[in-house]
Amino acid sequence: MKQFELSHVMDFIIGDAQAERAVPPTGFTARLTLFAAAVMAFLAVFALALSVSAGRLSERWSAELAQSATLRISAPVGQMQAQTDAALGVLETTPGIASARVLSDDEQRALLEPWFGPDVPLESLPIPRLIEIVEADIGFDAEGLRLRLVAEAPGAVLDDHTRWRKPLAAAASRLWFLGWLSIVLIFAVMGAMITLAANAALAANAKVISVMRLVGAKDSYIANAFVRRFTLRTITGAAVGMVIGAIAVVLLPSAQEEGFLSDLGFAGAGWLWPLIIPIVAGVVAFLATQAAARGTLKELR
């Protein structure tokens, strides 16, 4: 069975010299097929990079936000230290909290620097005290902790990053979906272009097809020649476009700060994803050309 399938694959790759005469080796349809496949594969690489990066970014953002929380203490100057000590006492006895520490003035100044500049006068501003909370693997009961803080440190406000986590995860999920939707649309357009090129090639070779029919060639025999030629052209064009797209992704400028654009691309085994583009393009070309050939050959009878 495997030898039979292998022989069919080899016959498809090698082709039939007689049947190949019905398919123009060069010309408008050949250039259109190669160009369309290369361009669509190039775009597919970027759509795939967008989708993979969005999925990776969503996981990282969710993991980072889920592992930390912030406690903000707002109190008069005379009560700030007492409120801070009380809040730390509550946090130290709360199950699910691995550690809690008060951010230093330098750390708070660094947080405010993007908005107020490097010379923020923390001493003269009513800035709340911030406590960084690192969760344990089991997590903690946010609602229960809020109730304890109301009783023991009323100036403390817990931010478990839920309001930040959900919009970020939702946005990344939408980008992931849009990336894959773009890939589907790209291959749909590729199939349409290949169908048009195959129909044009069949119509242009109507006389050659008529002669082949007169000498006993079946429609399946003629159709296979078209399917083979257009499939191999598409795979070749898609491979070229995929390589150019991968090089373009590598050459994208990287930012020092962590963000979406600095993370756009493939990482590790993710670089195997672009390799499926020529394969999928070949499948699309095979199905599109086969359908076009059968339909047009019926019309030429």
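Values reported hereafter were calculated over all heavy atoms of this structure, with side chains retained and with hydrogens, waters and symmetry mates removed. Every value quoted in this text rests on a predicted model; they were computed, and no experiment measured them.
Both Leu185 and Phe187 are members of a single hydrophobic cluster when ILVMFWY side chains are connected at heavy-atom separations under 4.5 Å. In this structure, Phe42 is a member of the same hydrophobic cluster as Val240, with clusters built from ILVMFWY side-chain heavy atoms closer than 4.5 Å. Residues Phe35 and Met40 share a single hydrophobic cluster, defined by chaining ILVMFWY side chains whose heavy atoms lie under 4.5 Å apart. Note: the hydrophobic cluster containing Leu130 does not contain Val157 (ILVMFWY, side chain heavy atoms under 4.5 Å, direct or indirect links). A single hydrophobic cluster is seen to contain both Val284 and Ile276, as judged by linkage of ILVMFWY side chains at heavy-atom distances under 4.5 Å, directly or through other members.
Contact of the Arg129 side chain with the Ser74 side chain is not registered, since no non-hydrogen atoms from C-beta on lie closer than 4.5 Å. A 4.5 Å side-chain heavy-atom check between Leu48 and Phe266 finds at least one atom pair inside the cut-off.
Few gaps surround CZ on Arg101; more than 12 heavy atoms of other groups in view lie less than 6.0 Å from it.
The backbone N or O of Thr234 sits nowhere less than 3.5 Å from a side-chain atom of Thr33 that would complete a donor-acceptor pair. Ser51 places no side-chain N or O within 3.5 Å of a backbone atom of Ala47 that could act as its donor or acceptor partner. Side-chain N or O atoms of Glu135 include none that pairs as donor or acceptor with a backbone N or O of Ile97 at under 3.5 Å.
The side chain to side chain contact (heavy atoms under 4.5 Å, CB included) with Ile186 is formed by just one residue from the set Val280, Leu181, Leu43; it is Leu43.
Across all their heavy atoms, Ala198 and Thr289 have their closest contact at CB-CG2, 4.1 Å. What you find for Ala87 and Ala153 is that their closest heavy atoms are N-CB, 4.0 Å. Looking at every heavy atom in both residues, Gly282 comes nearest to Thr231 through O-CG2, 3.6 Å. Closest heavy-atom contact between Gly179 and Leu50: CA-CD2, 4.3 Å. Summarising the geometry of Met190 relative to Ala281, their closest heavy-atom pair is SD-CB, 3.6 Å, with the distance given to 0.1 Å. Closest non-hydrogen pair, Glu152 versus Ala86, comes out as O-CB, 3.6 Å.
In this structure, CZ on Phe46 lies 13.0 Å from CD1 on Ile183, to the nearest 0.5 angstrom. Between Leu32 atom CG and Phe230 atom CZ the span is 8.5 Å, to the nearest 0.5 Å. Atom CG of residue Leu88 and atom CD1 of residue Ile73 lie 6.5 Å apart, to the nearest 0.5 angstrom. Rounding to the nearest 0.5 Å gives a distance of 5.0 Å between CE of Met242 and CG of Leu275. Atoms CG and CZ, on Leu202 and Phe226 in that order, are 4.0 Å from each other to the nearest 0.5 Å. From Ser182, atom OG reaches atom CZ of Phe177 across 9.5 Å, with rounding to the nearest 0.5 Å.
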Using the side-chain contact (heavy atoms from CB on, under 4.5 Å) rule, take Glu143 and Leu147 through it: C-alpha gap first, then chi angles, then the decisive distance, then the call. CA-CA 6 Å; Glu143 292 303 320; Leu147 293 175; 5.7 Å; no

Verify side-chain contact (heavy atoms from CB on, under 4.5 Å) between Leu91 and Ile131, making sure each step is shown before the conclusion. CA-CA 10 Å; Leu91 295 175; Ile131 299 177; 3.8 Å; yes

I would like to know whether Glu132 and Glu107 meet side-chain contact (heavy atoms from CB on, under 4.5 Å); could you show each step before the answer? CA-CA 11 Å; Glu132 180 187 39; Glu107 289 175 313; over 6 Å; no

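Residues passing the side chain to side chain donor-acceptor pair (under 3.5 Å) test with Glu92, sequence neighbours excluded: none. By the side chain to side chain contact (heavy atoms under 4.5 Å, CB included) test, Leu158 is found to be paired with Ala69, Leu71, Ile133, Phe140, Ala142, Leu145, Arg146, Leu149, residues two or more places apart in sequence or in another chain being considered. Applying the side chain to side chain donor-acceptor pair (under 3.5 Å) rule to Trp271 yields no partners; only residues at least two apart in sequence or on another chain are considered.
For the residue pair Arg148 / Thr93, a side-chain donor-acceptor distance below 3.5 Å is found, with atom types taken as modelled.
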